[in-house]
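Here the structure comes first, spelled out in structure tokens, and everything after it is commentary.
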Amino acid sequence: MKHILAKKNQILLKELVRTDFKLRYQNSVLGYLWTLLRPLFIFAILYVVFVKILKTGGAVPHFGVYLLLGIIIWNYFVEVSTGSVAVIVAKGDILRKVNFPRYIIVLAGSFSALINLAFNSAVIAIFIIISNTQISASVVLLPLLIIELFVFSLALGFLLSALYVKFRDIGFIWEVCIQGAFFAVPIMYAFSFVTNKSELLGKILISNPIAQIIQDARYMLISTKTETVYSVFGSAWAWLIPISIVVLISLYSVFYFKKQSPYFAENI
Amino acid sequence: MGDIHSAEIAIKVTDVNKTFKLPHEKTSSIKNVFAHAVSYVKKRRSFEVQQALKNISFEVEKGEFFGIVGRNGSGKSTLLKLLAGIYTPDSGKIEINGRLTPFIELGVGFNMELTGRENVFLNGALLGFSRKEMEAMYQSIVDFAELERFMDQKLKNYSSGMQVRLAFSIAIRAQSEVLLIDEVLAVGDASFQQKCFDVFAELKKKGTTIILVTHDMSSVLRFCDKAMLIHNSKVVAVGKSPKIAEAYLELNYENTEKQRTAQKDQTDKENPYIEEVRLIEGKSTNEKTFKTGEELTLFIKYKNPNKIPTHFGFQIFNEAGVYCFGANSLIDGREPELNEEGTLEIRFVAELLPGSYYVTVASMNDTATKVFSYKSRAVDFRISKDTQLEGIIMLPHTWS
């Protein structure tokens with residue numbers, strides 16, 4: 001903790017995030033405007049495909065916004081976890097010649113994605129207002145949900161990036177995992193599709209922290225009819241399942257990253 | 001052994017060991033993975049342990065300019081990375097008293113896609129400077145690097161010399177008490193190197209401790225107060241720079257000696273050939289170490305079965321392979337040798353400066369256009385270090 005707060009490390013973190021943004025929008029005519037345009041265009045396509053053509057939403061109210069909210073949370077998760085996989089190896093040249101806390105590299109990627117999430121959230125906020133959704137009083141808990149998302153994604157980022165230094169197979173394995181998870185998480189479909197078929201499957205899927213976060217966010221911002229851990233299990237204690245998954249993965253990831261990071265320079 | 005907390009010690013290394021695991025076979029292609037599917041999992045686990053450093057202990061006093069010297073692969077760069085905290089020792093302790101520069105090389109972390117200006121701030125961040133602090137020094141960095149006109153261009157459009165200048169100008173802003181340098185000075189032209197050395201002299205005056213890793217003895221002699229010689233992963237000697245430079249030369253000398261005896265010479269028994277070459281000092285001893293200005297005699301014994309008219313020549317090279325001097329009997333106006341066998345003695349004054357030298361001897365036809373046989377590195381000798389003069393040859397000179 002002392003390290004994270006050290007002024008030197010904060011400066012480096014800020015500069016790395018800044019560089020990341022600069023490089024991402026370099027040589028593009030519209031530049032930073034793309035942070036807003038990109039989600040808008042993607043939303044438009046998904047809206048047409050899933051809301052107007054496929055109609056996967058069933059009876060879910062405001063399915064367009066419902067879909068978009070799921071997408072931005074999912075995109076953040078993918079950006080941080082997948083983006084972290086090769087990040088340590090990619091910075092190998094610097095790691096072998098400069099000594100600075102290695103976690104800053106992963107953290108920088110995570111903050112950079114967080115800024116993107118903020119832009120996306122601004123876009124979705126407009127849609128929420130236009131759609132006049134039913135915002136629940138539980139929305140006060142939204143910051144906690146964002147913290148959970150941030151911690152879980154970052155933890156996986158630490159774990160994957162450290163594993164990748166030793167086992168390059170991780171890149172391929174994670175790609176497959178993400179593809180599978182995309183369908184296991186209720187992003188493109190209403191969760192009732194699953195619970196109507198099998199209650200057990202519903203319980204398993206909602207125990208995934210990402211599914212839990214997406215459903216909770218929808219409950220808070222769009223409709224209290226959204227199925228959450230509470231409605232699937234019938235007990236508020238059930239929230240402990242995804243939360244303990246987050247806690248356990250985070251603890252292990254930090255432990256593993258801390259143990260491996262002194263040897264990154266020689267193992268890359 | 002001093003205590004690290006005492007004010008005088010900047011670096012204290014105690015019994016440090018470092019090994020690297022070198023995997024035996026890295027199966028990289030998919031085809032290989034399938035072809036050796038059974039042994040693949042096992043193979044990943046098999047590796048060779050390479051001991052890079054063995055029981056290294058030394059200390060560096062505050063304000064010292066300390067050299068770490070050794071041949072390629074001796075472990076000196078590994079040691080520097082351990083000091084910088086980039087590698088972690090297997091065992092032993094490294095204590096550093098004072099703020100350390102985090103880099104060991106110039107221009108690390110430069111991004112080619114960013115402009116010079118943006119890179120200044122990024123590099124500054126690696127040194128721990130905030131944007132505000134960097135803005136305050138920005139102008140002096142640019143001035144020192146002499147790159148005013150190029151700051152808004154992308155780094156990929158810079159020449160390598162420009163990049164080094166920029167990197168150096170930033171690096172010297174680091175207010176570190178301990179500076180680690182890994183032969184950075186090999187890059188850049190002579191005038192830039194001079195600029196670097198001027199800065200080091202300045203830093204030294206301010207009491208900065210500097211560690212220089214190099215195999216260039218002349219920079220060790222010029223700058224380092226003390227040095228340490230590493231050979232085969234171990235500390236061989238620590239002491240004053242001239243003593244260490246001497247030890248280093250001796251080490252290299254022993255090595256070339258070994259190589260030489262293993263080397264076969266080109267001899268053709270039909271043509272005139274050289275049977276023996278020796279070097280004798282004026283007073284004749286078996287010593288191979290001489291003093292600058294001493295008179296030496298090169299003794300050549302040859303056989304010439306077919307009595308072909310033959311000239312002989314010799315060449316002197318230094319350890320870096322620089323051709324220092326050469327002469328042959330034709331140039332020197334001697335008649336060609338016609339005997340079936342004989343000996344020749346060439347006396348010369350070794351007006352050479354300290355270092356290792358070797359002599360190559362050859363036999364040639366009467367016009368010195370065709371070489372019959374030669375003995376490369378026929379003899380080695382060393383000029384001992386009892387002068388502070390620099391270079392290869394001794395020029396008699398006077399001041400007035």
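Throughout, a chain's letter reflects where its sequence line sits, starting with A, and its residues are numbered from 1. Below, each value reflects all heavy atoms present in this structure, side chains not excepted, and no hydrogens, waters or symmetry copies.
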Relative to the ring of B:Tyr87, is the ring of B:Phe20 parallel (under 30°), tilted (30 to 60°) or perpendicular (over 60°)?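 Geometry flag for B:Tyr87 against B:Phe20: perpendicular rings.
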
Mutual orientation of the aromatic rings belonging to A:Phe111 and A:Phe150 [parallel < 30°, tilted 30-60°, perpendicular > 60°]: tilted

Go through the atoms of B:Phe129 and report whether side chain, backbone, both or neither lie under 4.5 Å from a heavy atom of chain A.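 Only the backbone of B:Phe129 comes within 4.5 Å of chain A.
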
Closest contact, heavy atoms only, A:Val165 versus A:Asn267: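 Closest pair (atom of A:Val165, atom of A:Asn267, distance): CG1-CB, 3.7 Å.
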
Show, in sequence, the C-alpha distance, side-chain angles and deciding distance for A:Phe257 and A:Phe264, and conclude whether the ring pair (Phe, Tyr, Trp, His ring centres under 6.0 Å) test is met. CA-CA 10 Å; A:Phe257 192 88; A:Phe264 284 162; 5.3 Å; yes

Looking at chain A, which one of B:Leu100, B:Leu114, B:Leu80 has the largest number of heavy-atom pairs inside 4.5 Å, strictly under? B:Leu114

Given the options B:Leu180, B:Thr78, B:Leu126, which has more heavy-atom pairs under 4.5 Å with chain A than any of the others? B:Leu126

Top contributor to chain B interface from A:Arg102, A:Lys97, A:Arg18 [non-hydrogen pairs under 4.5 Å]: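 Winner by heavy-atom pair count: A:Lys97.
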
Any chance CZ of A:Phe255 has more than 12 other-residue heavy atoms, nucleotides or ligands included, within less than 6.0 Å? no

Using non-hydrogen atoms and a limit below 4.5 Å, what part of residues 130-138 of chain B faces chain A?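 When heavy atoms of chain A are the reference, residues 130-138 of chain B contributes B:Ser130, B:Arg131, B:Glu133 within the under-4.5 Å range.
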
Which answer fits A:Ile104, side chain, backbone, both or neither, if we ask what part of it has an atom under 4.5 Å from a heavy atom of chain B? neither

Quick one: side-chain hydrogen bond (donor to acceptor under 3.5 Å, both in side chains) pairs with a partner in residues 242-266 of chain A, sequence neighbours left out?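 Sorted pair list: A:Glu266-B:Lys18.
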
Distance under 6.0 Å and angle within 45° of the ring axis: does B:Arg165 meet both against B:Phe168?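 No.
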
Tell me, please, whether A:Phe41 has A:Arg38 positioned over its six-membered ring: NZ or CZ under 6.0 Å from the ring centre and within 45 degrees of its axis?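 Because its charged atom misses either the 6.0 Å distance or the 45° angle limit, A:Arg38 does not stack over A:Phe41.
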
